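In this chain, residues are counted from 1 in sequence order. All values reported here derive from a predicted model rather than from experimental measurement.
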Amino acid sequence: MKPNLLLISVLGALSVLASGCSSNTNNTNNSSTVQPVVEPPKNVIFFLGDGMGMTTMTAARIYAVGEDGELTIDTLPETAFVKTFSNDAQVTDSAPSMAAYMTGVKMNNEVLSMSPETIAKSPVADANGNNLANNCGTGNGTPVTTLLEAAKAKGLSAGVVTTTRVTHATPAATYSHICHRDLENDIAAAAVPGGVGFNTALGTTGLDVLLGGGKQFFVPAKDGGKRADGRDLIAEMKAKNYAFASNSTEFAAIDASKTDRLFGLFTSSHMSYDLDRDPAKEPSLAEMTTKAMDVLAKNSKGYFLMVEGGRIDHALHETTAKKALQDTVAFDNAIKAAIAKAKVADPELKNTLIVVTADHDHTLVLNGYAKRTGKTSATNPGVLGVVKNYVTGAADKDADGVPYSIIGFGNGENRTQGARSILTNFDETLTSGNTYHQEAVIRVGAGSETHGGADVFLGAIGKGADTFYGTIDNTKVFNLIKAAVGL
């Protein structure tokens, strides 16, 4: 027993001595060799196809690559269905649906990133006679934090890219808080660091990237804009060291490696439909997305980027299906380009989460028992054609003996008044036209086709993507993104 006790005592003493030596060494001679733990960047790219319901996705796939083809969105490994109803409506508009993704809070239609009790109050006439003056009143709700603001608070960079006006509902929900989506002058002011109306939740520096249309809300009336306060917000942004582009040439000339803050307004209102876009004047959504990524990626902590294919929705409201499908394909091309670029620095997307979804559905439908059409081309109308019988190949006809198009709408502006037998020369040359308005069951005013209330698709890839599954509420998407990257 005694030898063992002696051995234990000796070993104990040696242990204390060794510990003391180690401690002294770490605190003095070797302190300069201790390296701080550097966390990997945490990047989030949130893609929103405005109005891109699942039927529109299906039609766009057939349009671009045929029935058995795949778009990039089809290859995303994790998928879910998302409920889109708002706080006060079965069928949402874009403002509360995007805000639900960004804040995790249900709010009323037309409200942007505010608490649930906020009442949407339409703007009133301003000094110029435009209905752009704030009528929200006092005590009408409180702002709720967005994912983009949470990213900025943690030192990440943040960007917004859209094909609509940058002050439109979807982009506005990421960086502004207001009772009504139509207050676009106020929304524009929220993006200008240090200016009157600036959203201070964006930190002192504000957004790092802002690209899209909507110049009219950034310049005064004397310069062709709609601001009644006389402010030139473009000049104010330039004074805050934003590199500015107003067309494709200026945009291409900007060196992302030397640019910390990027601002682009390419049109007075919304950017052009992709079908009509002049590449010499307006960059594509994919080009805007990848340049935004280059600018944002300079932050070693990471970034949050929101990318909207916004004009899908507008074409569907018009019931011009070809425009909607082409914009959906352009949106998909942006997703493809973003994944490819992200994988250059993060091959397995271990530190990058990419989420793709829509804010709501529309009333587009695929009619009849059409034979397979294959993709649309100059010689093949594809899904834009008329229904042809899958057995005989002949055009199927309705009860009035007239062919009908594969794509139709539940409501829209083009409804024949009376029997369709009055239609003559109804064929694929007509239905596949760039500006053809597909027929609707219920007639409404021009451009007034409504949103639909069906669930929408969500696809995800990368960090935390496996947490997206099943049927979930749009507010849960907020929580899953926040948890995946620790915001």
In a table with atom names and distances, give each donor-acceptor pair under 3.5 Å that connects a side chain of residues 475-487 to protein atoms at least two apart or in another chain.
from: T475; atom 1: OG1; to: D473; atom 2: OD2; distance (Å): 2.6

Atom OG1 of T55 and atom CG of L366: how far apart are they, to the nearest 0.5 Å?
-> 6.0 Å
Any side-chain donor-acceptor pair under 3.5 Å between T164 and R311?
-> no
Checking T146 side chain against T174 main chain: does a donor-acceptor pair fall under 3.5 Å?
-> yes
Supply the atom-to-atom distance K121 NZ to D182 CG, rounded to the nearest 0.5 angstrom.
-> 15.5 Å
Minimum-distance pair of heavy atoms, taken over all atoms of G53 and D361 = CA-OD1, 3.1 Å
Close side-chain approach of L148 and L207, heavy atoms under 4.5 Å | yes
Would you say the side-chain atoms of T467 pair up with the backbone N or O of G464, donor to acceptor, closer than 3.5 Å?
-> yes
H314 vs H270 aromatic rings, parallel, tilted or perpendicular, using cut-offs 30° and 60°?
-> tilted
Among T319, T363, N411, find the residue that satisfies the side chain to side chain donor-acceptor pair (under 3.5 Å) test when tested with E449.
-> T363
When rounded to the nearest 0.5 angstrom, what is the spacing between OH in Y175 and CG in L210?
-> 5.5 Å
Mind checking whether V82 and I472 have side chains closer than 4.5 Å, heavy atoms only?
-> yes
Mind checking whether T357 and F46 have side chains closer than 4.5 Å, heavy atoms only?
-> yes
Any chance you could lay out the side chain to side chain contact (heavy atoms under 4.5 Å, CB included) test for N135 and H180, step after step, and finish with the verdict?
-> CA-CA 9 Å; N135 187 40; H180 200 286; over 6 Å; no
Does the side chain to side chain contact (heavy atoms under 4.5 Å, CB included) test come out yes or no for V44 and L156, once each step is laid out?
-> CA-CA 10 Å; V44 179; L156 280 67; over 6 Å; no
Do D50 and S94 get their side chains close enough for a donor-acceptor pair, meaning under 3.5 Å?
-> yes
Separation between OH of Y242 and CG of D208, rounded to the nearest 0.5 Å | 6.5 Å
Mark yes or no for whether S176, through its side chain, and A172, through its backbone, hold a donor-acceptor pair below 3.5 Å.
-> yes
Per side chain to side chain contact (heavy atoms under 4.5 Å, CB included), F331 is matched among T289, D274, L285 by L285
Does a donor on one side chain sit under 3.5 Å from an acceptor on the other, for T267 and E282?
-> no
Close side-chain approach of M98 to P171, heavy-atom, < 4.5 Å | no
Taking every non-hydrogen atom, the tightest pair across L275 and K323 = CD2-CG, 4.0 Å
Ignoring hydrogens and angles, tell me if any N or O in the side chain of T320 forms a donor-acceptor pair with the backbone of Y436 under 3.5 Å.
-> no
Kindly say whether N185 contributes a backbone atom to a donor-acceptor pair with the side chain of R227 at under 3.5 angstrom?
-> yes
Donor-acceptor under 3.5 Å (R231 side chain, V196 main chain) | yes
Residue of the set N87, D93, T92, T118 for which side chain to side chain donor-acceptor pair (under 3.5 Å) holds with N108 = N87
Any donor-acceptor N or O pair under 3.5 Å, side chains K106, N474 = yes
Pair E149, T145: side-chain N/O donor-acceptor within cut-off below 3.5 Å | no
So, are K291 and D294 salt-bridged, with charged N and O less than 4.0 Å apart?
-> no
Run the salt-bridge test on K463 and D346 with the 4.0 Å N-O cut-off and return the result as yes or no.
-> no
Side chains of T205 and K152: donor-acceptor distance under 3.5 Å anywhere?
-> yes
Side chain to side chain contact (heavy atoms under 4.5 Å, CB included) partner of I354, chosen from I45, L76, L305 | I45
Where L384 and Q438 come nearest, the two heavy atoms and their spacing | CD2-NE2, 4.3 Å
Which atom names give the shortest non-hydrogen contact between G412 and A440, and what distance separates them?
-> N-CB, 3.2 Å
Does Q216 use its side chain to pair, donor to acceptor, with the backbone of S268 at less than 3.5 Å?
-> yes
So which of L48, L147, L112 actually passes side chain to side chain contact (heavy atoms under 4.5 Å, CB included) with M102?
-> L147
Decide side chain to side chain contact (heavy atoms under 4.5 Å, CB included) for Y101 and V355; before the verdict, give the C-alpha distance in whole Å, the side-chain angles of both, and the deciding distance to 0.1 Å.
-> CA-CA 11 Å; Y101 286 135; V355 176; over 6 Å; no
Please examine the side chains of E184 and K226, heavy atoms only from C-beta on, and report whether any two atoms are closer than 4.5 Å.
-> no
Heavy-atom nearest pair, T259 first then V295, reads O-CG1, 3.5 Å
Looking at CE of M52 and CG of L364, how far apart are the two atoms once the value is rounded to the nearest 0.5 Å?
-> 13.0 Å
Keeping the roles fixed (side chain from E413, backbone from G447), state whether a donor-acceptor pair exists under 3.5 Å.
-> yes
For side chain to side chain contact (heavy atoms under 4.5 Å, CB included), just list the numbers for F217 and L233, CA-CA rounded to whole Å, side-chain angles, deciding distance to a tenth of an Å, and then say yes or no.
-> CA-CA 8 Å; F217 298 110; L233 302 189; over 6 Å; no
From CG (L183) to SG (C136), nearest 0.5 Å = 5.0 Å
Compare all side-chain heavy atoms of K322 with those of Y273 and state whether any distance is below 4.5 angstrom.
-> no
Determine whether L316 and T56 make a side-chain contact, defined as any pair of heavy atoms from C-beta on separated by less than 4.5 Å.
-> yes
Indicate yes or no for a side-chain donor-acceptor contact from D327 to the backbone of A324 under 3.5 Å, with no hydrogens or angles considered.
-> no
Close side-chain approach of V444 to T450, heavy-atom, < 4.5 Å | no
Centres of the F244 and F218 rings: under 6.0 Å?
-> no
Tightest non-hydrogen contact, residues A99 and A173, listed as N-CB, 3.9 Å
Whether over 12 other heavy atoms sit under 6.0 Å from K281 NZ = no
Would you please classify the geometry between the H451 ring and the H360 ring as parallel, tilted or perpendicular, with 30° and 60° separating the classes?
-> parallel
Donor-acceptor contact below 3.5 Å, side chain S115 vs main chain T142 = yes
